[in-house]
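Heads up, the thing below is written out as structure tokens.
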Amino acid sequence: MEPILKARGLVKRYGKVTAINRSDFDLMPGEILAVIGDNGAGKSSIVKALCGAVIPDEGEIWLEGKKVSFSSPIDARNVGIETVYQTLAMSPALSIADNMFMGRELRKPGFMGKWLRKLDRPAMEKFARQKLSELGLTTIQSINQAVESLSGGQRQGVAVARAAAFGSKVIILDEPTAALGVKESRKVLELIQDVRSRGIPIILISHNMPHVFEVADRIHIHRLGRRLAVIDPREHSMSDAVAYMTGAQVPEGIAA
Amino acid sequence: MEPILKARGLVKRYGKVTAINRSDFDLMPGEILAVIGDNGAGKSSIVKALCGAVIPDEGEIWLEGKKVSFSSPIDARNVGIETVYQTLAMSPALSIADNMFMGRELRKPGFMGKWLRKLDRPAMEKFARQKLSELGLTTIQSINQAVESLSGGQRQGVAVARAAAFGSKVIILDEPTAALGVKESRKVLELIQDVRSRGIPIILISHNMPHVFEVADRIHIHRLGRRLAVIDPREHSMSDAVAYMTGAQVPEGIAA
Amino acid sequence: MSDSDNYEAVVQSASSEVASFEEHKKGLIGHFHHALHATPSLVPLIVLVASIIVFGIAVGSNFFSAYALTLILQQVQIVGVLAAAQSLVVLTAGIDLSVGAIAVFTSVIMGQFTFRYGIPAPISVVCGLAIGTGIGAISGWLVSRVKLPPFIVTLGMWQIVLAANYLYSANETIRSQDIATEASFLQFLGRTFELGGAKLNLGVVLMLILVVVLAYCLRSTAWGRHVYAVGDDPEAAKLAGVKVNQTLMSVYMLVGFICALAGWVMIGRFGSISPSATTGTFGNIQSITAVVIGGISLFGGRGSILGAFFGALIVGVFELGLRMAGADAQWTYLLIGALIIGAVTVDQWIRKVTA
Amino acid sequence: MSDSDNYEAVVQSASSEVASFEEHKKGLIGHFHHALHATPSLVPLIVLVASIIVFGIAVGSNFFSAYALTLILQQVQIVGVLAAAQSLVVLTAGIDLSVGAIAVFTSVIMGQFTFRYGIPAPISVVCGLAIGTGIGAISGWLVSRVKLPPFIVTLGMWQIVLAANYLYSANETIRSQDIATEASFLQFLGRTFELGGAKLNLGVVLMLILVVVLAYCLRSTAWGRHVYAVGDDPEAAKLAGVKVNQTLMSVYMLVGFICALAGWVMIGRFGSISPSATTGTFGNIQSITAVVIGGISLFGGRGSILGAFFGALIVGVFELGLRMAGADAQWTYLLIGALIIGAVTVDQWIRKVTA
Amino acid sequence: QDSAKACLITKTDTNPFFVKMREGATAKAKELGIELDTFAGKVDGDNETQVAAIETCIANGAKGILITPSNSSAIVGSVQQARDAGLLVIALDTPLDPIDAADMTFATDNFLAGELIGKWAKATMGDAAADAKIALLNIDIAQPSVGVLRNQGFLAGFGIELGDENKWGDEDDPRIVGHDVTQGNEEGGRKAMENLLAQEPFVNLVYTVNEPAAAGAYEALKAVGREGDVTIVSVDGGCPGVANVEAGVIGATSQQYPLLMASKGIEAIAAFAKDGTKPQATEGKGFFDTGVKLVTDKPAEGIESIPVAEGKELCWG
Ligand SMILES: Nc1ncnc2c1ncn2[C@@H]1O[C@H](COP(=O)(O)OP(=O)(O)OP(=O)(O)O)[C@@H](O)[C@H]1O
Ligand SMILES: Nc1ncnc2c1ncn2[C@@H]1O[C@H](COP(=O)(O)OP(=O)(O)OP(=O)(O)O)[C@@H](O)[C@H]1O
Ligand SMILES: [Mg+2]
Ligand SMILES: [Mg+2]
């Protein structure tokens with residue numbers, strides 16, 4: 001089967017620091033691919049390269065067999081790649097609804113919307129509230145709160161809800177549950193499985209091994225800026241995975 | 001036994017939003033107190049009120065039996081309360097060493113340090129590198145990197161290393177392992193136990209139940225802006241704790 | 001720790017109500033409090049009203065005459081229009097030092113096109129507006145594509161436009177009488193009409209309409225939200241899918257256009273067209289002052305254009321009030337300096353108590 | 001998933017080497033690349049050297065004469081000192097519009113104290129420096145304690161100080177000849193000496209020393225780090241234990257002091273003491289321009305004071321170069337605008353290729 | 001009945017010339033029992049602030065306005081408004097364009113002031129005038145009319161062919177080294193002189209728009225040791241300026257009489273407020289000429305001048 005998203009030989013350097021070191025990447029259609037690795041291994045860097053947020057110094061990327069080179073995240077979004085960044089990418093002073101619909105606002109029907117381009121605020125707020133409740137974020141008291149005044153977890157929830165609501169071809173989640181509580185993390189896992197069941201492949205970066213082993217179809221292990229191995233969670237234990245990614249053990253028989 | 005840090009009836013409102021709703025708080029000498037609760041329950045808000053980062057609208061705080069009212073985090077730090085904030089409180093453009101020693105820089109010995117007040121950069125960098133290696137953060141390639149160019153986990157590691165290195169009376173950790181990998185989280189847990197063994201009490205906010213139940217002496221459950229209950233991890237299961245904090249079940253027999 | 005493997009299952013039965021707390025303050029004060037919290041641009045409005053009252057008491061009844069009160073609007077119209085333009089740039093975390101220069105230059109263009117080349121006045125006005133927009137486009141391109149700091153780009157533009165203005169006009173003033181007889185359309189925005197005993201001119205009306213329209217666009221259209229997002233955190237806005245460059249480009253072009261409108265307003269207000277109008281030199285500081293007094297953050301993304309409008313009026317009230325009270329020029333400057341600091345202190349204080 | 005309970009134990013045997021990669025670029029270019037990456041203030045230096053060379057070619061050998069080259073330093077000394085002060089404020093994410101006004105006012109104070117009250121010149125100078133520091137302290141108090149935006153505080157101060165300056169001096173100039181005969185100490189910084197055929201004065205030396213000392217303080221003392229931290233993210237700095245208010249206060253006071261030094265430099269340079277010196281009105285824009293060309297971010301926390309110094313020199317080179325090339329006054333004004341944009345474009349470009 | 005109100009609107013109040021004008025007006029107003037409000041622009045050429053000032057005077061119910069227009073044609077509309085509201089408007093120092101837009105003008109002839117120093121410089125230099133190297137230090141690139149009149153008057157007096165009389169900088173006589181701007185103060189004067197010296201080190205005649213600029217130019221010349229062989233001429237005749245003529249810094253300056261203008265103006269308004277009489281112009285001119293005199297201790301033949309000692313007595317203040 002042809003990977004839906006494929007990369008070969010990606011390199012990214014910042015001055016003397018190497019973030020991606022000739023790494024490869026493959027995402028198969030319809031799968032949940034987990035990416036694991038130490039802090040600073042380069043996980044965020046490589047997925048940012050895949051979604052246009054970082055322009056790699058070297059290397060090539062293919063989407064559905066066609067070579068692509070995104071010059072900005074908007075390019076990637078236009079072809080249906082939706083991303084939750086580790087830094088969340090929110091406008092702190094704007095409201096929850098504004099942030100969720102940033103770049104794809106709803107307009108009022110009829111004259112007001114068509115000619116005066118008036119936003120349909122009630123509709124956007126209702127939608128936002130509903131998505132957040134689905135994620136179990138029932139502690140948000142005012143949907144008009146500025147994002148900067150939200151708690152860490154609430155903010156992350158807004159970002160996840162945004163990506164889940166709009167992704168169409170690939171969804172990339174960079175540590176989507178890091179700041180979330182037990183209940184909220186659970187809901188995100190359910191959401192991920194729900195999205196997969198609609199046939200949309202997902203890249204999930206996470207440090208939570210039980211969660212990774214619960215939902216992933218394949219696990220990409222990243223170490224020192226490159227792909228070390230791809231393992232099948234049914235064939236390897238969590239201990240194996242942790243041993244590989246921390247360098248305690250070198251995987252055998254598996255091509256990087 | 002008298003709590004080392006005690007609060008009664010704390011209230012904090014932001015416009016129409018209530019973050020702390022007449023909450024109480026007790027930290028006993030030498031213990032590890034875990035604070036758990038849903039996203040947005042008000043955990044960060046209450047610890048911020050304890051360390052001077054938020055001025056509560058109402059309520060009183062006692063440190064070692066003496067009433068205190070901090071008007072800034074510096075007041076709290078001066079009496080030995082060291083905090084890792086959920087937002088990390090780093091200066092993005094400054095280097096790792098600069099951030100770790102912010103506010104307590106090392107000066108060169110002799111004339112240069114005493115009269116020209118020259119910083120002892122090599123010493124600070126060496127110390128920083130050592131602390132980070134102790135936390136397992138071996139992926140940081142350059143100790144002169146600006147903090148903004150670090151990965152999410154690396155950044156959190158720097159913040160934790162800073163608090164652990166300097167706290168003397170109380171250490172507050174707000175989700176210190178959220179962005180950390182398996183290895184790095186483990187090291188932080190070891191660090192926490194190490195600090196406790198030196199007799200310093202710790203407040204640990206975390207969403208990771210296994211970790212909480214592993215290290216905590218008591219668990220403060222926060223719900224809807226106030227303390228719902230304090231439980232003993234040896235007498236309650238994780239399921240109980242999760243049920244209490246999410247509102248699935250109401251704890252009985254335990255005074256809030 | 002027996003059933004640890006399963007603790008996550010418990011959340012299925014978690015409560016799913018949205019959290020809510022009883023309201024704290026009620027009644028009139030509570031309402032007022034909440035209104036200020038929700039609409040921060042009310043704060044400069046309060047300061048404005050307060051300063052009108054104070055000056056009214058200090059200066060006496062002359063100040064409350066219809067003539068004096070409309071005079072404030074008249075005197076503020078140019079700065080008001082420029083402040084509207086400046087607000088847009090400042091909301092994107094930029095700054096535009098060239099607003100005044102563009103206004104003066106476009107007014108000169110409108111005049112010279114009519115008088116030097118004999119182009120009909122309405123077409124000259126359109127040309128002026130187009131050139132203003134064009135200058136804005138150059139700045140916008142340098143800021144968004146070449147990624148230069150707005151301060152430098154517009155500082156350079158300021159010098160270039162001002163010098164071009166003197167060179168092109170050969171420092172010649174076009175006299176009011178000539179315009180009135182030969183091309184009165186240029187003075188169109190200077191036409192006055194009565195409204196309840198007060199005399200207003202079309203320039204003031206234009207300013208008011210402009211502020212209302214921009215306030216609507218910023219608050220209720222996608223474009224407006226993007227302007228805020230770009231100013232708030234350009235990196236985040238880009239990652240979230242905002243076309244940052246396009247938004248910046250549109251803002252700078254619009255600003256150029258509005259400055260050209262201000263140029264047209266200038267002709268209406270002064271009758272004549274002079275390349276040496278001080279707006280060219282001080283228009284930038286005046287408009288930035290209005291914007292900052294109005295509570296817009298120079299770091300971008302926070303504040304409202306209505307605030308900037310009230311800010312311009314506050315300065316206008318101070319200036320007229322002090323002049324009418326007979327303070328001499330240096331004392332006026334000194335007191336205006338002190339009053340501006342005072343106004344913003346009051347503003348900060350109101351914000352603090354209602355936070 | 002059998003041994004899931006224990007997977008965390010594995011990390012005990014994890015590798016504990018610090019990650020490292022082979023170096024990418026080597027040789028001279030690699031070194032140069034790395035130097036630029038590590039010391040961004042080299043970039044304006046390159047632009048400066050390039051513009052000296054370009055003007056040298058355009059103007060001819062006259063430009064490389066000791067006279068012309070030292071003239072640049074002479075002409076730049078006041079703006080250079082003000083830019084050093086401005087850098088400090090801008091690094092804290094502030095802006096100081098009052099720098100020029102303080103310089104002029106303190107020069108007037110030094111003169112009037114000596115001539116009006118008969119105070120010995122050195123004591124007058126000290127009084128001037130103290131008053132400058134005091135004005136800075138007021139601004140610092142308003143910014144740090146009352147939490148007003150620096151733009152507003154210093155805008156107000158600018159107007160207040162400038163007006164006070166005219167009122168206090170009654171617009172009277174103290175003539176150079178009178179100072180030279182009666183209180184030549186006031187002109188101390190104007191004394192010249194020869195250095196390898198070039199004539200330099202003590203004001204220039206003061207500027208150079210000031211820049212070096214401030215660069216040292218900012219880079220190598222705790223205070224300097226705190227200045228950066230406060231500008232970078234004041235909230236984070238406060239949480240991390242920086243005494244934000246004290247740091248701001250120290251910066252504004254130091255800035256007031258340096259501006260007063262600039263006032264003393266002015267007496268040395270112009271000989272006479274005049275309250276209407278242009279520095280009072282344009283010193284702020286000139287110093288901010290130098291700071292921004294030098295690569296300091298107006299959002300605070302990024303950049304170096306050496307950059308600002310080079311920025312001031314770049315503008316000085318442009319001004320003198322264009323005049324020597326024979327451009328007339330209006331064209332000079334226009335071209336300087338264009339050159340400033342050009343210089344920063346080159347600067348951005350170098351930064352991009354070496355990123 | 002309150003005492004009559006009058007307004008004085010000057011171009012700036014940072015230039016000592018206008019400060020003296022204000023002092024003269026204030027003293028006279030006090031003497032005649034008139035309530036005087038004073039206004040000023042921010043910089044030379046600031047028309048907007050003057051418009052706002054006229055409006056304020058109307059709002060305050062003043063009887064008359066004394067104005068030194070920053071922009072003599074641009075202000076005309078506002079002046080008309082004031083006259084329509086029944087105020088007496090008198091232009092001081094600078095005539096309006098057209099001159100009859102004001103009820104009366106009390107002025108110096110700035111072109112004449114320039115011409116006097118031009119003629120004096122030519123006569124003083126003698127034969128050397130044919131290959132003089134002239135530096136011209138003007139006020140501002142906006143070319144306000146006073147600056148243009150003085151500049152062009154100087155050139156005309158020196159015998160240089162003018163281009164457009166309404167602007168400086170378009171002459172092509174090779175004796176002109178260059179023009180620069182000074183903002184009319186010492187700081188600008190020094191820098192402008194340095195710039196022109198860098199262009200042509202052997203400048204030997206310097207025209208300056210006023211005496212502070214001249215003092216600045218002198219410092220620049222002193223720095224290169226050429227103060228002895230350069231002649232500086234200037235306009236204004238303020239006390240420090242005349243002192244500089246005495247000290248040999250300035251060769252000659254054209255003296256004006258702002259105090260006289262202002263006190264005449266106040267008298268006229270007082271008369272108008274009393275019985276509506278309007279002031280009369282000087283015979284044969286469209287305005288009331290308050291005169292201009294050349295001050296120098298090196299009189300040149302055929303050019304009327306007064307010695308420094310007399311200039312010091314007449315100087316403002
Ligand atoms: N802009 C930058 N400048 C310099 N170095 C950078 C930059 N961005 C990333 N790096 C470095 O690249 C390496 C990889 O970072 P990356 O964010 O991809 O790690 P990660 O695997 O996502 O880690 P984490 O699990 O902590 O999020 C790190 O060592 C980091 O310090
Ligand atoms: N500055 C603020 N303005 C308005 N609301 C705020 C502000 N700070 C916090 N809140 C609100 O207070 C509530 C408690 O926030 P807090 O950060 O304490 O939650 P938390 O328990 O730490 O959550 P998390 O686990 O997600 O970190 C949230 O509903 C949040 O939206
Ligand atoms: Mg990451
Ligand atoms: Mg929290």
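Each chain gets a letter, A, B and so on, in the order its sequence line appears, and its residues count up from 1. In what follows, every heavy atom counts, from backbone to side chain, and hydrogens, waters and symmetry copies are set aside.
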Between T138(B), T139(B), I74(B), N78(B), which residue shows the highest count of heavy-atom pairs closer than 4.5 Å to chain D? T138(B)
Could you measure the distance from the CD1 atom of I46(B) to the CD1 atom of I20(B)? Nearest 0.5 Å is fine. 5.5 Å
Shortest non-hydrogen pair, R162(B) vs A240(D), comes out as NH1-CB, 3.5 Å
For the candidates K48(B), K187(B), R117(B), K118(B), which exhibits the highest count of non-hydrogen atom pairs separated by less than 4.5 Å from chain D? K118(B)
First locate atom CG of L202(D), then atom CE of M207(D), and finally report the distance between them rounded to the nearest 0.5 Å. 12.5 Å
Please indicate whether K243(D) has more than 12 foreign heavy atoms, meaning atoms of other residues, nucleotides or ligands, lying under 6.0 Å from its NZ. no
Can you name the closest pair of heavy atoms from A164(B) and R198(B) and give their distance? O-NH2, 4.0 Å
Between the side chains of T247(D) and W223(D), does any donor sit under 3.5 Å from an acceptor? no
Aromatic Y228(D) / basic R225(D) pairing, under 6.0 angstrom, 45° off normal: yes
Under 4.5 Å heavy-atom distance to chain D, tell me which part of E134(B) shows up: side chain, backbone, both or neither. neither
Per-residue contact mode, R107(B) against chain D (heavy atom under 4.5 angstrom): neither
Given that the side chain runs from C-beta out, which part of M90(B) has a heavy atom under 4.5 Å from chain D: side chain, backbone, both or neither? backbone
Turns out that what part of E235(D) lies under 4.5 Å from chain B's heavy atoms comes down to neither
R196(B) with D217(B): basic N within carboxylate O range, under 4.0 Å: yes
Among A93(B), G136(B), S142(B), which has the most heavy-atom pairs under 4.5 Å with chain D? A93(B)
Tell me, for E184(B) versus chain D, whether the close heavy atoms (under 4.5 Å) come from the side chain, the backbone, both or neither. neither
When you measure from the centre of the six-membered ring of Y14(B), is the NZ or CZ of K12(B) under 6.0 Å away and within 45° of the axis? yes
Determine, for K169(B) against E64(B), whether the closest basic-nitrogen to carboxylate-oxygen distance falls under 4.0 angstrom. yes
Ranked by heavy-atom pairs below 4.5 Å to chain D, first place among P92(B), A53(B), A146(B) goes to P92(B)
Is it the case that the side chains of S206(B) and E175(B) hold a donor-acceptor pair, with the cut-off being a distance below 3.5 Å and no angle test? no
Just wondering, are more than 12 heavy atoms of other shown residues or ligands nearer than 6.0 Å to CZ in R129(B)? yes
Can you list the residues of residues 287-305 of chain D that sit under 4.5 Å from chain B, counting heavy atoms only? G301(D), R302(D)
What residue in V242(D), V244(D), D233(D) has the most heavy-atom pairs under 4.5 Å with chain B? V242(D)
Toward chain D, the part of I140(B) with a non-hydrogen atom under 4.5 Å: backbone
Can you tell me which portion of R104(B) sits under 4.5 Å from chain D's heavy atoms? Options are side chain, backbone, both or neither. neither
